[in-house]
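As structure tokens, the structure follows; a few thoughts come after it.
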Amino acid sequence: MKVVHSWLKEYVGEKLPDEQAVEDLLNFHAFEIDGAEQVEGETVIDVDVLPNRSSDCLCHRGIARELATILDVQMANDPLAQVPALKTTDVIGVSIEDTNACPRFTASLITDIEVKESPDWLQKRLKALGQRPINNIVDATNYVMYAIGQPMHAYDADLFPKVDGKWQFDVRYAKAGETVSLLAEGGKDEDRVIELDGSELLIVDASSDTPISLAGVKGGRYAGVHAESKNIIIEAAHFHPTLTRKTARRLGIVIDASKRFENEPSRELPPYGQAEIIALIADIAGGNCEGVLDEYVEKIENPEVTVTLKKVNALLGLQLDLTQVADIIKRTGATVVVNADAESVVAQGPFERTDLHIEEDFIEEVGRLYGLDKIVSVVPDATNSIKTINARHYYSEKIRQCLLDLGFSEVVTTSFHKKGKIQLQNSLASDKSYVRGNLSKNLHQVLDANFSHTDMLGLRDVRVFEIGTVFSKSETAITEHLSLALGVRTKGNGFTAPDERILVAACDALEETLSTSLAWEKEKGVAELNLSQVVDTLPAPTQYDAFPQKNAVQYKTVSQYPAISRDIALWVSQGVQADEVMAVLNESAGDLRYRTDIFDEFTKDGKTSYAFRLVFQATDRTLTDDEVAGIMEAVYQVVRENNWEVR
Amino acid sequence: MQPPTGHQHPLTHMIAEINDIFAKIGFEFAEGPEAELEKYNFDRVNVPKDHPSRDMQDTFWFKAKDVSEPTVLRTHTSPVQARVLEGTQPPIKIIVPGKVFRNETTDATHEAQFYQLEGLYVDKGVSLGHLKGTLEYFFSEFFSGKTEVRFRPSFFPFVEPGIEVDMKLLEGDSKLAGKWIEVMGAGMVHPNLLEVAGIDSTQYSGFAFGMGIDRLGVMKYGVDDVRDYYTGDLRFVNQF
């Protein structure tokens with residue numbers, strides 16, 4: 001929700017601090033700030049209003065009220081301070097099919113207005129919020145929505161036929177197959193004609209049973225205000241939040257008005273919207289208000305909630321007294337009565353706070369207004385020992401340690417497959433529409449993909465394992481278990497006999513570690529088993545092994561450019577250490593060297609032969625053979641200077 | 001020739017470390033299914049029936065023909081709270097590390113699958129002060145340096161009051177040191193969760209928190225793309 005600082009000041013008064021202080025107050029007591037900018041010479045703050053406060057804070061008055069509450073000051077000018085006294089009229093009528101879907105409907109008749117451009121101050125505020133001014137009437141409806149959160153819609157009364165001398169609205173559900181023409185969306189010229197399925201609520205001109213807008217979601221062009229309009233009807237209503245959201249989502253129309261209805265603003269709000277707009281139009285378009293229709297069928301009141309001092313302090317970890325608690329709750333505009341027991345109060349939120357239902361809701365208000373920074377840490381009890389050891393975690397760690405020691409690295413792969421046995425009902429991507437039924441399939445891919453990186457990894461073969469959940473189907477449900485899979489690849493062209501030997505040795509080592517026999521399913525260098533089943537047969541562990549601390553790791557982004565390897569073998573005098581030689585090679589190889597590994601070493605006749613593999617890679621380009629040849633030439637040069645003999 | 005020792009994946013390594021840290025203050029390692037009933041994933045953790053997060057856009061649903069009760073790939077580890085509360089009398093002190101799923105477009109900071117860490121402590125007299133102390137202890141251990149946390153107001157359906165937690169590493173030369181970083185959502189367990197599980201919310205209270213383990217790795221190790229955790233690429237794994 002974008003708010004204009006000067007607009008907030010109009011409501012809060014001179015005690016409103018500057019932009020930075022406003023941001024801090026909101027951040028630590030109410031809402032996060034998404035940003036701030038200067039637009040049209042106005043300071044605009046983007047407030048991330050929380051879902052439970054979107055009922056009352058998606059407007060300037062709401063944020064201003066919040067700031068006044070936090071600052072503990074009286075608002076200088078509160079549009080919701082007094083119930084508006086509106087002149088009634090019987091020239092407008094409404095018939096509501098479902099009063100749960102539309103519990104309140106108000107409409108005012110204003111005559112003799114002049115449609116023209118809005119005054120500068122109003123245009124400036126709308127532009128600051130990123131809105132394009134249209135004319136004074138349309139701008140007024142938008143202004144009131146941003147001011148107090150009540151969406152409004154204006155009709156040309158002269159284009160709206162009367163029935164028996166009355167403007168008659170119907171609020172009813174659509175008929176399946178019925179269409180409604182909605183105003184063009186931003187950037188489009190054509191109005192959008194929508195075919196309805198019957199779930200939508202419509203505002204209808206009863207004289208001809210013509211749908212004129214999708215209730216709560218979007219208005220149509222029918223009887224729209226134009227440059228020559230003289231007499232207008234302004235609607236302000238309350239529509240069911242879920243109904244509004246479902247229709248808006250299904251049709252892909254999420255605009256400022258529907259967003260407000262979706263969040264269930266107070267049912268008390270429509271008359272305040274009328275009062276605001278009647279005054280504003282008188283000011284910027286002239287004319288007279290003939291009266292307002294107010295059909296309010298399903299009235300609800302905020303509940304009276306008992307808030308006990310003990311519970312406030314117990315949940316917040318504070319030591320407040322009852323007077324402090326009562327005073328803080330009062331700041332929200334709630335009515336507070338202290339009970340005779342002097343241990344609790346009865347609180348009722350102001351009408352616009354439709355989020356205050358239970359004791360904990362009020363305790364949250366106390367906590368954030370008093371200051372969450374005043375909560376004192378309770379140091380946890382380190383002598384508190386655990387009773388249950390999680391066997392699956394315990395044995396998974398044992399298995400990991402065994403496999404790591406054998407040179408296997410652990411992977412965590414996707415739970416989604418492109419094909420499989422269990423398809424999801426919905427998925428954003430076609431390669432993610434099934435859940436995995438095994439780990440082996442992913443491990444085969446991991447082995448293939450990694451084999452080409454063995455030089456970069458300083459490995460001669462690829463050994464990997466994964467422990468993860470796989471899914472299957474019973475008659476009535478999706479079932480799942482923990483699976484363990486391991487795989488080996490020693491040659492680039494797929495599965496070969498040596499893979500099997502390493503795999504069998506690892507499987508045997510795991511049997512030894514777990515002291516049990518294991519039933520593997522093996523295929524082409526990958527073995528898998530149901531680990532949940534195995535763990536169920538193992539003795540319950542009594543304590544976790546000590547956690548192996550590791551040195552701090554600073555991750556480096558993996559370059560996506562290919563690596564190039566070059567081998568060098570050389571004779572040195574016996575006694576010259578490999579590390580020493582490697583250091584010299586590395587220095588001459590320069591920054592493009594990614595790593596160096598020694599892969600052969602033997603001593604004969606007082607000389608030692610070392611064979612090294614140097615791997616080169618750039619982070620910003622593909623290296624050429626020529627480039628690497630140049631580097632290697634420098635390496636050979638240094639070798640000669642050291643009187644080492646290249647083999 | 002003996003192959004070099006393999007490398008543990010940073011996610012499971014962090015989970016083991018998290019478990020080690022929390023076990024020392026009495027938190028037990030709990031789990032729940034990844035294919036979770038709608039009842040536990042949403043209803044029992046107080047997510048309103050018509051809440052947008054239940055929509056197809058955010059949640060992976062299993063097909064109706066495959067299940068007798070509506071089932072999703074769990075969108076958070078919070079359903080394990082509901083399952084544990086249902087079957088246990090307080091005191092309850094658990095952590096729940098586990099894989100969760102969101103049906104959303106992926107980028108360097110979002111994956112359709114990621115790991116979450118849930119924490120829950122329910123007993124007589126548990127307050128936001130306990131939450132603060134527990135988190136300060138955890139972060140100080142996990143990031144190897146004295147760490148402070150601060151609370152800001154927030155909203156999650158399963159807690160009331162709801163809290164956003166920022167942390168600041170006070171010492172060391174890590175990139176994290178000296179600045180506030182938003183790390184997780186938390187709060188006091190909503191009384192509805194306790195009551196539906198048969199725990200008297202006038203007698204017992206509790207705190208709960210939830211954070212991304214993938215994100216902890218971004219902070220701890222400098223991982224710059226969370227999708228890399230799930231590629232199976234050893235050029236990634238073998239750095240750890």
Side-chain angles (χ1 to χ4, degrees), chain A residues 27-28 30 50-52 242 314-317 360-361 363-364 367-368 372-373 375-380 382 384 386 388 390 393 397 400 403-405 407-415 423-426 428 432 446 450 453 456-457 469 471 473 476-478 480 544 547 553-555 557-558, chain B residues 3-9 11-12 16-17 19-20 23-26 28-29 33-35 50 56 60-63 66-68 71 103 105 112-113 125 127-130 132-134 136-137 150-153 155 160-161 188 191 205 221-224 229-230 232 234-240:
Chain A
N27 196 24
F28 291 106
L50 292 168
N52 61 330
T242 311
L315 285 195
L316 298 176
E360 285 76 4
D361 293 331
I363 294 174
E364 174 168 75
R368 69 184 182 88
L372 295 170
D373 57 321
I375 290 165
V376 180
S377 306
V378 179
V379 177
N384 210 331
I386 52 172
T388 317
N390 185 297
H393 178 63
E397 285 292 291
R400 286 188 182 106
L403 289 171
L404 295 175
D405 289 344
F408 285 76
S409 283
E410 185 182 22
V411 293
V412 174
T413 64
T414 178
S415 298
Q423 191 174 22
L424 294 162
Q425 193 183 326
N426 60 322
L428 285 181
K432 286 181 192 156
V446 166
N450 277 299
H453 303 141
M456 281 188 69
L457 297 164
T469 300
F471 302 88
K473 245 190 318 198
T476 56
I478 304 297
E480 61 184 69
Y544 291 114
F547 173 75
V553 171
Q554 183 54 47
Y555 171 74
T557 308
V558 176
Chain B
T5 305
H7 296 262
Q8 184 169 359
H9 196 279
L11 287 171
T12 72
E17 182 169 13
N19 179 53
D20 184 61
K24 288 179 184 145
I25 54 167
E28 296 182 349
F29 189 121
E34 291 179 12
D50 53 33
M56 299 275 253
F60 290 109
W61 292 83
F62 286 95
K63 289 188 166 179
D66 291 336
V67 291
S68 57
T71 306
N103 192 9
T105 321
Q113 53 203 320
S127 75
L128 284 177
H130 293 91
K132 196 172 180 184
T134 300
E136 281 175 345
Y137 159 77
R150 74 178 179 197
F151 292 161
R152 287 179 292 114
F155 174 80
E160 190 69 44
M188 299 303 292
S205 59
Y221 305 121
V223 171
D224 56 5
Y229 287 116
Y230 305 96
L234 295 185
R235 293 174 299 177
F236 172 85
V237 172
N238 286 11
Q239 293 191 35
F240 296 91

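Quantities reported herein were computed from a predicted structural model and do not represent experimental measurements. Chain A is the first sequence line, chain B the second, and so forth, proteins listed ahead of strands; every chain is numbered from 1.
Chain B forms more heavy-atom pairs under 4.5 Å with one residue of A/Val446, A/Asn27, A/Val379 than with any other, namely A/Asn27. Chain B forms more heavy-atom pairs under 4.5 Å with one residue of A/His453, A/Gln423, A/Arg368 than with any other, namely A/His453. In terms of heavy-atom pairs under 4.5 Å with chain A, the best-connected choice from B/Thr105, B/Thr71, B/Val223 is B/Val223. Chain A forms more heavy-atom pairs under 4.5 Å with one residue of B/Glu160, B/Lys132, B/His130, B/Met188 than with any other, namely B/Glu160. In terms of non-hydrogen atom pairs under 4.5 Å with chain B, the most contact-rich of A/Thr414, A/Leu403, A/Thr413 is A/Thr414. Chosen from A/Asp405, A/Leu372, A/Val411, A/Thr557, the residue pairing most often with chain B at heavy-atom distances under 4.5 Å is A/Leu372. Of the residues considered (B/Leu234, B/Val237, B/Thr5, B/Val67), B/Leu234 shows the highest number of contacts with chain A, using heavy-atom pairs under 4.5 Å. Comparing A/Ile363, A/Asp373, A/Val553 by how many heavy-atom pairs each has under 4.5 Å with chain B, the most go to A/Val553. Between chain A and the residues B/Glu136, B/Arg235, B/Lys63, the largest count of heavy-atom pairs under 4.5 Å involves B/Arg235. Contact tally against chain A (heavy-atom pairs below 4.5 Å) for B/Gly232, B/Ser205, B/Gly26, B/Pro153: the top residue is B/Pro153. Ranked by heavy-atom pairs under 4.5 Å with chain B, the first of A/Gly317, A/Ser377, A/Gly367 is A/Ser377.
Heavy atoms closer than 4.5 Å to chain A are found in both the backbone and the side chain of B/Asp66. Using a 4.5 Å cut-off between heavy atoms, A/Leu50 touches chain B through its side chain atoms alone. With a 4.5 angstrom heavy-atom cutoff, B/Asn238 touches chain A only via side-chain atoms. For a residue to count as touching a neighbouring chain, one of its non-hydrogen atoms must lie under 4.5 Å from one of that chain's; by this rule A/Tyr544 touches chain B with the side chain only. Residue contact with chain B, scored on non-hydrogen atoms closer than 4.5 Å, involves the backbone of A/Ala314 exclusively. Of the atoms belonging to A/Asp361, heavy atoms from both backbone and side chain fall under 4.5 Å from chain B. Within the 4.5 angstrom heavy-atom criterion, only side-chain atoms of B/Tyr137, from C-beta onward, approach chain A. Only the side chain of A/Phe471 comes within contact range of chain B, with heavy atoms under 4.5 Å apart. The contact between A/Glu480 and chain B is made entirely by side chain atoms (from C-beta outward), counting heavy-atom distances below 4.5 Å. Contacts between B/Arg150 and chain A at a heavy-atom distance below 4.5 Å involve the side chain alone, from C-beta outward. For A/Val376, the part lying under 4.5 angstrom from a heavy atom of chain B is the backbone only.
Heavy-atom minimum distance, B/Gly133 versus A/Pro380: O-CD, 3.5 Å. The nearest pair of heavy atoms linking A/Leu316 to B/Pro161 is CD2-CG, 4.2 Å. For the residue pair B/Leu128 and B/Phe151, the shortest heavy atom distance occurs at O-CE1, 3.6 Å. Between B/Gly222 and A/Tyr555 the shortest heavy-atom distance is O-CD2, 3.6 Å.
In this structure, the salt bridge (charged side-chain N to carboxylate O under 4.0 Å, His left out) partners of A/Glu397, at least two apart in sequence or on a different chain, are A/Arg400. By the salt bridge (charged side-chain N to carboxylate O under 4.0 Å, His left out) test, B/Glu28 pairs with no residue at all, sequence neighbours left out.
Remark: the backbone N or O of B/Tyr229 is paired with a side-chain donor or acceptor of B/His9 at under 3.5 angstrom. Looking only at distances, a side-chain donor or acceptor of B/Ser68 sits under 3.5 Å from a matching main-chain atom of A/Thr476.
Classified by interplanar angle (parallel below 30°, tilted 30° to 60°, perpendicular above 60°), the ring pair B/Tyr221/B/Phe240 is perpendicular.
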Practice item. Mind running side-chain contact (heavy atoms from CB on, under 4.5 Å) on B/Leu11 and B/Tyr230 for me, showing each step along the way? Key: CA-CA 10 Å; B/Leu11 287 171; B/Tyr230 305 96; 3.6 Å; yes
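A/Val558 places a side-chain heavy atom less than 4.5 Å from the side chain of B/Gln239.
Here the CZ atom belonging to B/Phe155 is positioned 4.5 Å from the CG atom belonging to A/Asn52, to the nearest 0.5 angstrom. One distance of note links CG of A/Leu315 with CD of A/Glu360; it measures 6.0 Å at 0.5 Å rounding.
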